[in-house]
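One structure is given below, encoded as structure tokens.
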Protein chains: 2
Amino acid sequence: MMKATIYDVAREAGVSIAAVSQVINGKGKISEERRAAIVSVMEKLNYKPSVIAAALTGKKTYTLGLLVPDISNPFFAEIARAVEDQGSLHGYSIVICSTDNRDERGENYLSLLEQKSVDGIIIGTGMGGKDMLEKLLAKSVPIAAIAREMSGYDVETVVINDYEGGRLAARHLIELGHTRMAVLAESAKIPSSQERIRGFRDELAAAGLELPPEAVRASERDLVKDGKRNAAALLDSAERPTALFCCNDLLAIGALQGAKELGLRVPEDVSVVGFDNTILASVTDPALTTIAQPTDKLGQLAVDLILGKYEAEPPKQTGASKQRIVLEPALIVRQSTSQPAGRSN
Amino acid sequence: MMKATIYDVAREAGVSIAAVSQVINGKGKISEERRAAIVSVMEKLNYKPSVIAAALTGKKTYTLGLLVPDISNPFFAEIARAVEDQGSLHGYSIVICSTDNRDERGENYLSLLEQKSVDGIIIGTGMGGKDMLEKLLAKSVPIAAIAREMSGYDVETVVINDYEGGRLAARHLIELGHTRMAVLAESAKIPSSQERIRGFRDELAAAGLELPPEAVRASERDLVKDGKRNAAALLDSAERPTALFCCNDLLAIGALQGAKELGLRVPEDVSVVGFDNTILASVTDPALTTIAQPTDKLGQLAVDLILGKYEAEPPKQTGASKQRIVLEPALIVRQSTSQPAGRSN
DNA sequence: TTGAAAGCGATACCAT
DNA sequence: ATGGTATCGCTTTCAA
């Protein structure tokens, strides 16, 4: 059985393909009877218009590309799910592209997506190679940044307030009475990570506390493993910190493991704060206190932005051609944080 | 800047579009000089052939659909990553489709994928509504089942030996000395879950142990939460089991939480075995003993099967038109299992 | 209302 | 070796 085409339907219904096209798209003028007849033939033939053919005539492909570092990282899997759901609401499919933060992979995917004429690209990964990106922008392919700032480019953006996220973590720890803290960071190339640290540091400073540079350790590849190593290094000193702020949950898990290895209890001996509030945070023991990103909202807005379905509530500021939405993070307190040892109740 | 077309290239190079097509596809006969000239024009114009247009003439779309229950479930996210990587190797993109195990969502996605003329569909989720599926099969759209049996359909299949997985879990527990065990299952509709239980039960029987029906509890929606509740119910009795076999890691996490809530220690008071060996299993405390599925291999083979790039080593059995690959699971021992309390060393 | 016909961008067959 | 052209399935004027 071959796939039925618009010609088959037209022939079978005894009308022109133009008529069939009308009913497919619900435009133009057709008598009710004709329309009904055509519809019934379409069903009988199990006819489905080809998106491919339609796209060629200038219509949409109803496909969006989503670039993330790694779809198997729970945070991005959650983002992907949110993007998928919102896209699906508007009839769009999502093509996943895991870049591993490698520039050439990002470039390749971008090029591929262009050839496939996707209707938009949502980027949640760093883009080192800017070439491809600029070409796409020049060809006016809609692009949106999600959860990751794309500084220097005029693209639709939806991110969280990473700076505030860092402050939230700091404030929580300060309120618990911690005074000596350290942080586990992602690669220095990742702006959001830097912002989180800046917020953390500023809030500490406001409380008269300091975060020396050597108290910040960056991890590159295997976040859990590197986090563990870095945490161990940080904690294995006489003047060890009583709390660790980790720039994502994976690092926090590494911290948990590092502490355990040193025979330190969490949170009694050392408090740990994560970031992202992925499923991982709720599953560790102790469960992680972490900063939540509203992944659903992020995905939703990214899709709406790219589809032009989102209109700023306050009349768009003149000048800025692209929108920029900043969502607020939230502190989720679980069991990995407490007062530092030796501090009375 | 508009996207350049084959006509632009032809005009700019002073040749026919046929010639350009030749060099794009590397076929036909063209003199070296001409080819070089055309290539350089293509670069200059930043020309990329449209996959859409090519697909319309009967070529491939280089897109594969992947149906899973939920991409934000770590197991399927890992599967997706494997499929993506292997697809990418052959120039294919992957469209993700999370069905939530809802039949109508599955049907919708199937229909959408058909309209988009994907070159194949990999299914890792139950398909209740068989309608769409049969239509696709009739239209000879390549379909492969991954990690999930699609009984009754003649499709390429790559699964693990779930039965053996269940036996591995049982054997491990039996060797540790457990005699009273229970299991946390997924919905009864999921065949792989049933197979795991069957294997578990058979192995128990072989050791003269029994697994009464009431010792098997199924969870439906929120696996962690349901697992917790079911585990608590199972463990809150005088004759409580000393070990729990859970049909996936999410359920095992629920079991961990349920045990904790009752003040039971894992593994001292109760051993827990998971299934899938997702990242979650390595992150819990205690880390989960679990049965590993080779997700990379599964994804790789599913793609190869659907692309027809996989040839059975032993000359294909006559009769069976589709291949069926069964991979072996492996026991990963971590810290959630030990001898039952009261048993001497 | 309805239908004929001109594209959309690429492929492939067939002359030249 | 090279180019003309029909074709893929659908959308969209433009006449009738």
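So that the names make sense, note that chain A is the first sequence line, chain B the second, and so on, each numbered from 1. Only this structure's heavy atoms are used, side chains among them; waters, hydrogens and symmetry mates stay out.
Contact check of residues 30-43 of chain A against DNA chain C (heavy atom, cut-off under 4.0 Å) returns A/Ile30, A/Ser31, A/Arg34. DNA chain D lies under 4.0 Å from at least one heavy atom of each of the following residues of residues 13-24 of chain B: B/Val15, B/Ser16, B/Ile17, B/Ala18, B/Ala19, B/Gln22. The stretch residues 5-12 of chain A comes close to DNA chain D through A/Thr5, A/Ile6, A/Tyr7, each having a heavy atom under 4.0 Å from the strand.
In this structure, the separation between NE2 on B/His90 and CG on B/Asp85 is 11.5 Å, given to the nearest 0.5 Å. If you take CG on B/Leu110 and CD1 on B/Ile143, they are separated by 6.0 Å, rounding to the nearest 0.5 Å.
From the 5' end on, the contacts that DNA chain D makes with chain B at under 4.0 Å to a non-hydrogen atom open and close at D/dA1 to D/dG9. On the nucleic acid side, DNA chain C contacts chain A at distances under 4.0 Å to non-hydrogen atoms, with the end points of that region at C/dT1 to C/dG9.
For the residue pair A/Thr63 / A/Lys116, no side-chain donor-acceptor distance below 3.5 Å is found, with atom types taken as modelled.
Residues forming a side-chain contact (heavy atoms from CB on, under 4.5 Å) with A/Ser72 (at least two apart in sequence, or on another chain): A/Asp70, B/Glu78, B/Arg81. The salt bridge (Lys or Arg N to Asp or Glu O under 4.0 Å) check on A/Glu104 picks up A/Arg102, with sequence neighbours excluded. A/Ser192 meets the side chain to side chain donor-acceptor pair (under 3.5 Å) test with no other residue; sequence neighbours excluded. Residues meeting the side chain to side chain donor-acceptor pair (under 3.5 Å) test with A/Glu149, sequence neighbours left out: A/Arg324. Evaluation of the side chain to side chain donor-acceptor pair (under 3.5 Å) rule for A/Gln86 yields A/Asp304 as partners, not counting sequence neighbours. With sequence neighbours excluded, the residues satisfying side chain to side chain donor-acceptor pair (under 3.5 Å) with A/Glu12 are A/Lys44.
Residue contacts for B/Lys3: at a heavy-atom cut-off of 4.0 Å it reaches no nucleic acid atom on any strand shown.
Here the side chain of B/Ser98 pairs a donor or acceptor atom with the backbone of B/Ile71 at under 3.5 angstrom. Put simply, the side chain of A/Thr157 gets close to the backbone of A/Val155: a donor and an acceptor are under 3.5 Å apart. With A/Thr125 contributing its side chain and A/Ile123 its backbone, the two residues share no donor-acceptor pair below 3.5 Å. In this structure, the side chain of B/Gln323 engages the main chain of B/Tyr310 through a donor-acceptor pair within 3.5 Å. For A/Lys135 (side chain) and A/Ser111 (main-chain N/O), no donor-acceptor pair under 3.5 Å exists by modelled atom type. At least one donor-acceptor pair closer than 3.5 Å links the side chain of A/Asn73 to the backbone N or O of A/Phe75.
Between A/Arg34 and A/Gln22, every side-chain heavy-atom pair lies at or beyond the 4.5 Å cut-off.
When the local axes at the two ends of the helix from C/dT1-D/dA16 to C/dT16-D/dA1 are compared, using 5 base pairs at each end, they differ in direction by 50° after rounding to 10°.
Ion pairing between a basic and an acidic side chain is recognised when a charged N comes within 4.0 Å of a carboxylate O; A/Lys60 and A/Asp119 show no such pairing.
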